[in-house]
Amino acid sequence: MKKPAERQQIDTEIQALLELRHSEPHHLLGIHQDGDGVVVRAYRPDATAIHVVPDFGGRVPMTHRRDGVFEARLNGRSQVFNYLLEVEYPGNKSFTLRDPYSFLPTLGELDLYYAGQGRHEKLWERMGAHPIHHNGVAGVSFAVWAPTAAGVSVVGDFNGWDGRLHPMRRMGASGIWELFIPEVGEGTRYKFEIRPNHGGAPLLKADPFAFRTEVPPATASVVHALNRFSWSDTPWMSARAEGEPTHKPWSVYEVHIGSWRRVVQDGDRPLTYRELAHELGDYVKRMGFTHVELLPVSEHPYGPSWGYQVGNYYAPTARYGHPDDLRYLINHLHSQGIGVIVDWVPGHFPRDAHALGNFDGTALYEHADPRQGSQPDWGTLVFNFGRNEVRNFLIANALFWLEEYHVDGLRVDAVASMLYLDYSRKHGEWVPNRWGGRENEEAITFLRELNDAVRRNHPGVVVIAEESTAWPKVSQPTHEGGLGFHFKWNMGWMHDTLLYFSKDPIYRQHHHNNLTFGLLYAFSENFMLPLSHDEVVHGKGSLYGRMPGDPWQKQANLRALLAWMWAHPGKKLLFMGGEFGQPSEWSSDRSLDWHLLEDPGHRGIQSLVADLNRLYRELPALYDADSEPMGFQWVQPDAAAANTFAFIRRSRTPGRHVVCVANLSPVPRENYRVGFPRHGHYQELVNTDAQEYGGSGMGNGGQIHTEPQPWDGQEASALLTLPPLSVVWFAPG
């Protein structure tokens with residue numbers, strides 16, 4: 001017989017359980033040694049009777065102690081044993097189940113230690129929901145971080161979304177709550193019901209580590225096993241680790257999955273991941289791009305955010321199919337020799353009630369002070385990068401996409417908003433750092449840790465910064481004082497170049513420096529030249545629409561812009577639709593205007609881009625010294641009155657070079673002398689005015705022969721025919 005103090009302690013624990021604030025329900029429930037026997041307790045609200053069915057046989061009735069708490073004592077048993085519970089409900093309904101509270105924890109001490117230190121680089125393998133066999137029983141292990149919660153329960157399809165049935169246990173001081181639930185499997189919907197320590201209504205939260213979700217606007221997490229897909233891209237994965245990324249060609253086709261192409265015959269729906277795999281793969285291969293960059297694929301509650309307000313960082317959006325369908329897409333692109341970059345958004349997250357904000361009733365993932373934790377531009381919340389667990393959540397997430405989805409690169413969104421404490425904030429709306437400055441030291445530490453982790457774990461994978469300021473050494477290694485990114489988007493080049501090309505040619509001589517200024521800093525970073533989705537939305541119009549003149553001139557200007565970009569130092573990125581000159585501004589709610597390819601002019605732009613990509617990949621002079629001054633030399637930088645430019649791109653291999661000459665006026669220029677590095681035969685590799693591209697057909701007949709007459713500081717020169725609004729490339733041959 002138990003002593004009064006022991007009975008009182010049990011009654012106290014039962015009361016805490018009934019109030020759903022027991023942090024260690026396994027201490028009360030399940031099977032425990034008790035004197036000369038064992039005691040089994042179960043909590044099944046609304047049950048009329050429960051029997052214990054031991055694995056060794058028999059059937060033992062349980063006594064209803066109070067308010068759904070049942071208890072059975074088996075004397076003479078010196079060890080605990082496996083058992084089932086037979087639970088009866090009114091109306092002769094009964095269920096037989098394994099007791100979740102008879103299982104040991106699925107998390108080990110090392111997992112908890114490294115998670116608390118912020119150094120668990122495979123945290124997703126322990127957190128979230130995992131179908132496993134535990135002590136020989138199939139089920140799902142659940143784990144969630146909610147350090148200030150008074151109690152946490154798993155709710156879902158398997159328990160009628162009743163938070164009383166599956167309270168979790170708190171794993172010491174880690175703030176992590178854990179529970180193994182037998183006989184739950186893949187495809188099960190679930191959430192965490194979190195009871196804030198300060199009281200109030202419970203919070204119903206999606207799993208931050210969920211690997212699958214419902215299709216929005218539904219918000220439940222879905223149990224998903226990560227080990228079902230069979231990859232076949234080993235050759236690709238091995239090859240990508242070879243060589244230095246800056247010495248390779250990068251021609252990136254930026255894609256929004258939902259609007260690249262739609263199925264008109266089926267309600268104008270977007271393509272699924274599997275449909276996209278073959279259609280996009282065939283198209284990108286034919287166009288010659290080296291990589292596809294996908295706008296954020298993580299689940300997001302608000303479609304018009306294009307994925308930039310992430311609700312579930314570890315789950316691909318269910319809008320386009322099952323998570324393994326996204327794997328199929330990436331695997332197929334790899335089989336076609338196409339790399340995959342995904343946009344990744346660690347700077348901010350939305351305020352949706354089911355997501356990360358106020359997760360356990362406190363500012364957990366975000367800063368509590370709105371001057372630090374609120375992003376005024378987007379109405380979102382900012383991660384607290386000073387917290388070990390938050391940094392670990394994000395760094396593990398980056399590694400998750402690289403390891404579980406074989407992604408080849410991450411483009412990190414809005415890096416400037418992370419680096420500066422006063423980003424988009426007025427005086428008094430931000431908190432200075434410890435030195436009184438505006439630099440976010442915690443975010444800087446996070447970014448360096450992120451980039452070091454990627455370089456250490458996944459050689460050949462790149463991390464690309466969308467960073468719009470003059471922050472130094474963004475793309476230099478951390479041991480050299482840099483942030484550690486591999487590439488940085490060259491936003492200055494984008495702005496200046498589009499400004500120049502948008503001007504009527506009569507005014508371009510006054511904006512000549514817009515195309516020359518960028519070469520003053522072109523080698524200070526490893527740059528990528530972006531003509532991205534941001535340049536064709538919010539009233540900016542399309543690339544085609546920003547070009548001046550009548551339709552012929554618009555097409556000619558756009559062709560010249562693209563050939564200028566492909567010859568310019570820096571890796572290339574072009575948003576979908578730009579490759580065929582879509583006139584209308586991009587809308588995420590409809591397909592690209594593919595019917596335009598029936599027009600020879602738009603088809604010509606597309607053909608030009610395919611040829612630019614082909615030549616770009618064939619000519620190392622156009623890519624292998626992108627970040628080195630030796631890879632570029634001006635020939636004619638100052639011919640503003642004529643709106644002409646000429647420069648040389650040089651390879652790291654001596655003697656290999658390409659000469660680019662641009663005539664960005666509407667006036668043809670005949671017998672126009674340009675200096676060349678050497679005397680001899682040159683091929684005219686590209687002429688954007690060629691008839692097959694929709695041009696007038698003016699040019700140099702496909703080849704020239706330079707004269708031994710020094711010009712422009714070069715040892716030879718040639719008299720060229722420069723078509724109007726054109727760019728021509730020459731290479732020895």
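Quick caveat: nothing in here was measured; it's all calculated off a predicted structure.
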Would you say the ring centers of [X] and [Y] fall short of 6.0 Å from each other?
{"X": "Y328", "Y": "F229", "answer": "no"}
{"X": "Y405", "Y": "W231", "answer": "no"}
{"X": "H224", "Y": "H322", "answer": "yes"}
{"X": "F209", "Y": "F393", "answer": "yes"}
{"X": "H166", "Y": "F158", "answer": "yes"}

Open item on the list: Would E404 and R327 count as a salt bridge (charged side-chain N to carboxylate O under 4.0 Å, His left out) here? Give the steps.
Closed with: CA-CA 9 Å; E404 300 291 349; R327 284 186 167 101; 3.6 Å; yes
Task: Closest non-hydrogen atom pair, G58 against V53 - done: O-CG1, 3.6 Å
Open item on the list: For W124 versus E121, what's the shortest heavy-atom pair and its separation?
Closed with: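 Looking at all heavy atoms of both residues, the closest pair is CZ3-O, 3.1 Å.
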Under 3.5 Å, is there a donor on one side chain and an acceptor on the other for [X] and [Y]?
{"X": "N197", "Y": "T148", "value": "no"}
{"X": "H120", "Y": "D111", "value": "yes"}
{"X": "Q309", "Y": "R351", "value": "no"}
{"X": "R41", "Y": "T63", "value": "no"}
{"X": "R195", "Y": "S153", "value": "yes"}
{"X": "R319", "Y": "T317", "value": "yes"}
{"X": "E178", "Y": "S141", "value": "no"}
{"X": "E88", "Y": "S94", "value": "no"}
{"X": "Y365", "Y": "N384", "value": "no"}
{"X": "N388", "Y": "R391", "value": "yes"}
{"X": "N397", "Y": "W344", "value": "yes"}
{"X": "D343", "Y": "Y308", "value": "yes"}
{"X": "S232", "Y": "N331", "value": "yes"}
{"X": "N75", "Y": "R73", "value": "yes"}

TODO: Could you name each residue pair satisfying salt bridge (Lys or Arg N to Asp or Glu O under 4.0 Å) that touches residues 149-167, not counting sequence neighbours?
DONE: D46-R164, D157-R189, D162-R164
- [ ] Starting from the C-alpha separation in whole Å, work towards a yes-or-no answer on side chain to side chain contact (heavy atoms under 4.5 Å, CB included) for L85 and H51.
- [x] CA-CA 6 Å; L85 296 175; H51 288 78; over 6 Å; no
Open item on the list: My understanding is that only one of L179, I181, I194, I176 makes a side chain to side chain contact (heavy atoms under 4.5 Å, CB included) with M168; could you say which?
Closed with: L179
TODO: Considering only NZ, NE, NH1 and NH2 on the basic side and carboxylate oxygens on the acidic side, decide whether K191 and E193 come within less than 4.0 Å.
DONE: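 Judged by the 4.0 Å cut-off on N to carboxylate O distance, K191 and E193 do not form a salt bridge.
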Open item on the list: T380: which residues meet the side chain to side chain donor-acceptor pair (under 3.5 Å) condition with it, sequence neighbours left out?
Closed with: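 Listed in chain order: H348.
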TODO: May I ask you to decide if the ring planes of F446 and F385 are parallel, tilted or perpendicular, using 30° and 60° as cut-offs?
DONE: parallel
Task: Donor-acceptor pair, side chain of D408 and main chain of V340, under 3.5 angstrom - done: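 Side chain of D408 to backbone of V340: a pair is present.
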Open item on the list: So if I apply the ring pair (Phe, Tyr, Trp, His ring centres under 6.0 Å) rule between Y313 and each of F349, F383, F211, which one comes out positive?
Closed with: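 Option passing the ring pair (Phe, Tyr, Trp, His ring centres under 6.0 Å) with Y313: F383.
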